Amino acid sequence: MLKRNPCMANIKAGYLFPEIAKRRREYEAAHPEARVISLGVGNTTEPLLPHIDAGLVEGARRLGTAEGYSGYQDEGLLSLREKISQVFYRNAAGPAFGADELFISDGAKCDIGRLQLLFGAKVRAAVQDPSYPVYVDGSVLIGAAGAWEGSGYGGISYLPCTAENNYFPDLSKLPVNGLFYFCSPNNPTGATANREQLEALVKTALEKGVLIVYDAAYAEYIRDPALPKSIFEIEGARDCAIEVNSFSKPAGFTGVRLGWTVVPRGLKYADGESVNADWARVAGTIFNGASNIAQAGALAALDEQGIAEMRELCDFYLGNAALIRGCLQKLGISCVGGDNSPYVWAHFPGRDSWDVFGEILEKCQVLSTPGAGFGPAGQSFIRFSAFGHRQDVEEAVKRLSKL
Ligand code: PL4
């Protein structure tokens, strides 16, 4: 028989979110009377708002006409790439990126996975600890888990982000000529890097030859106008960063599926070759473009009414986050996040986070996410997601008072 890919054996446990879903199913099977409320996976719950919805419907309708039909759109609609640059990357001189620097995807997670092919198995990768599991698991899948000198963690270096360092990593630990997955607002801690921190990150990346993969999937949840929404607000970032982003969380497109990746034209490898050209080659080879209908919806999301709807949706989930955070604080549970992010990160000192997860499920019938699933520094933390119907979140916070 064919030999198993040894990288598969290096993935120690099941992927975090299906594991949580499995534990929920087991609990529900044992307690058929229970009505479990999920503050676990970060999955949007509210219906699409009308203007964005109409954009999707109209996109589908056009495909049924001779004039409006379109087939493969490998790199994404030109009009959408231009619009994204105008809306999200506009500076005093106008849109900061050309259409050839923006790649439309079927979501940020999918592009994070594909990007890993670009870097290969020998990459020295670093992540914020805790962080979204796809950075580590995807790196392991491509074989980047082999030991390298000085990392202390095999092929992947975990940079702790804890209360002690204000949830911002020690940049001196970044691997020289390596890769750094950085997410702000962070999943799971909700910590959002400020301008000075991002300036330090870019400066260090340029000095050490580090390429930053900046995950801005929650940028539209930032309400503090002093906090940057994109790494490209920082001078020098074009020479050391790629940004992945998504319509999932601001527009409720978790099921519609649409995202984008910015790869600046001038971004170069050590040998002077173009990262942008390689990414176009990888994407062109293994990706056939995002849905035309989803792109029509995204275009609607980026006009004036759509932008207002996205803000309304994010504000709604931020309202949920405020309820969760307020409840935990009343209970004397120390927590961060939830102000510029849809996640609240709660501390249960000295406890195993899977045990706390189990206790919350048993006592409150509330599903959460154990912090340890996001990395070693997540141990004894619980992540609460603010994605839920308001009445469910209100009921969940009442039940949490049983803790
Ligand atoms: C469960 C930092 C959620 N099955 O929808 P996408 O692909 O555009 O974006 C996914 C994504 C990208 N970057 C960050 C994220 O947090 C997410 C979504 N994360 C969560 O609860 O942590 C959904 C997880 C989903 C998954 O595996 O992504």
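Computed over heavy atoms, backbone and side chain alike; hydrogens, waters and symmetry mates excluded. Order of appearance sets the numbers: ligands from 1, and atoms from 1 within every ligand. Please read all numbers here as calculations on a predicted model, not as lab measurements.
- In this structure, R238 forms a cation-pi arrangement with F97, its terminal cationic atom sitting closer than 6.0 Å to the ring centre and no more than 45° off the ring axis.
- At a 3.5 angstrom cut-off on N or O pairs, C110 does not count as close to ligand 1.
- Distance from atom 2 (C) of ligand 1 to its nearest protein heavy atom, with residue and atom name: D215 OD2, 3.2 Å.
- Residue Y135 has no N or O atom closer than 3.5 Å to an N or O atom of ligand 1.
- For ligand 1, the polar-atom distance check finds no N/O of F17 at less than 3.5 Å from any of the ligand's N/O atoms.
- Atoms of ligand 1 found under 4.0 Å from any heavy atom of G107 (numbered from 1 in listed order, with element): 7 (O), 8 (O).
- Looking only at protein heavy atoms, the nearest one to atom 12 (C) of ligand 1 is Y132 CE2, 3.4 Å.
- The nearest protein atom to atom 3 (C) of ligand 1, hydrogens excluded, is given as K249 NZ, 3.5 Å; this is a heavy-atom distance.
- Taking atom 5 (O) of ligand 1 as the reference point, the nearest protein heavy-atom neighbour is S248 OG, 2.6 Å.
- Taking atom 21 (O) of ligand 1 as the reference point, the nearest protein heavy-atom neighbour is G42 N, 2.6 Å.
- Remark: R383 fails to qualify as a cation-pi partner of F374 under the 6.0 Å distance and 45° angle criteria applied to the six-membered ring.
- Against a heavy-atom cut-off of under 4.0 Å, A108 is close to the following atoms of ligand 1: 6 (P), 7 (O), 8 (O), 9 (O), 12 (C).
- Given atom 15 (C) of ligand 1, the protein heavy atom at minimum distance is Y218 OH, 3.2 Å.
- The closest side-chain donor-acceptor pair between E243 and S230 falls under 3.5 angstrom.
- For ligand 1 and R257, the ligand atoms under 4.0 Å from any heavy atom of the residue are 5 (O), 6 (P), 7 (O).
- In terms of N/O distances under 3.5 Å, ligand 1 is not approached by T254.
- One finds no salt bridge joining D239 and K268 here, because no Lys/Arg side-chain nitrogen approaches an Asp/Glu carboxylate oxygen to under 4.0 Å.
- With N320 as the partner, the side chain to side chain donor-acceptor pair (under 3.5 Å) test is satisfied by one option alone out of R390, R325, E394: R390.
- Between R265 and D100 a salt bridge is recorded (basic side-chain N to carboxylate O distance below 4.0 Å).
- Protein heavy atom nearest atom 25 (C) of ligand 1, with residue, atom name and distance: K109 NZ, 4.3 Å.
- Nearest to atom 1 (C) of ligand 1 among the protein's heavy atoms is V41 CG2, 3.5 Å.
- T254 and T44 are linked by a side-chain donor-acceptor pair at a separation below 3.5 angstrom, with hydrogens and angles left out of the test.
- Within ligand 1, counting atoms from 1 as listed, the ones closer than 4.0 Å to a heavy atom of Y343 are 3 (C), 20 (C), 21 (O), 22 (O).
- Salt-bridge formation is detected for the pair R61/E58: a Lys NZ or Arg NE/NH1/NH2 atom is positioned less than 4.0 Å from an Asp or Glu carboxylate oxygen.
- Using cut-offs of 30° and 60° for the angle between ring planes, the F253 and F247 rings count as tilted.
- Taking every non-hydrogen atom of S246 and a distance limit under 4.0 Å, the qualifying atoms of ligand 1 come out as 6 (P), 8 (O).
- Relative to the ring axis of W354, R23 places its NZ or CZ within 45° and under 6.0 Å from the centre.
- Numbered from 1 in the order shown, with element, the atoms of ligand 1 that lie under 4.0 Å from a heavy atom of A217 read 13 (N).
- Using modelled atom types, no side-chain atom of R195 and backbone atom of P228 make a donor-acceptor pair closer than 3.5 Å.
- Proximity of Y15 to ligand 1 is established by a heavy-atom distance of less than 4.0 Å.
- Distances shorter than 4.0 angstrom occur between a heavy atom of C183 and an atom of ligand 1.
- Figure legend: cation-pi geometry between R62 and Y69 absent, as NZ or CZ is not positioned both under 6.0 Å from the six-membered ring centre and within 45° of its axis.
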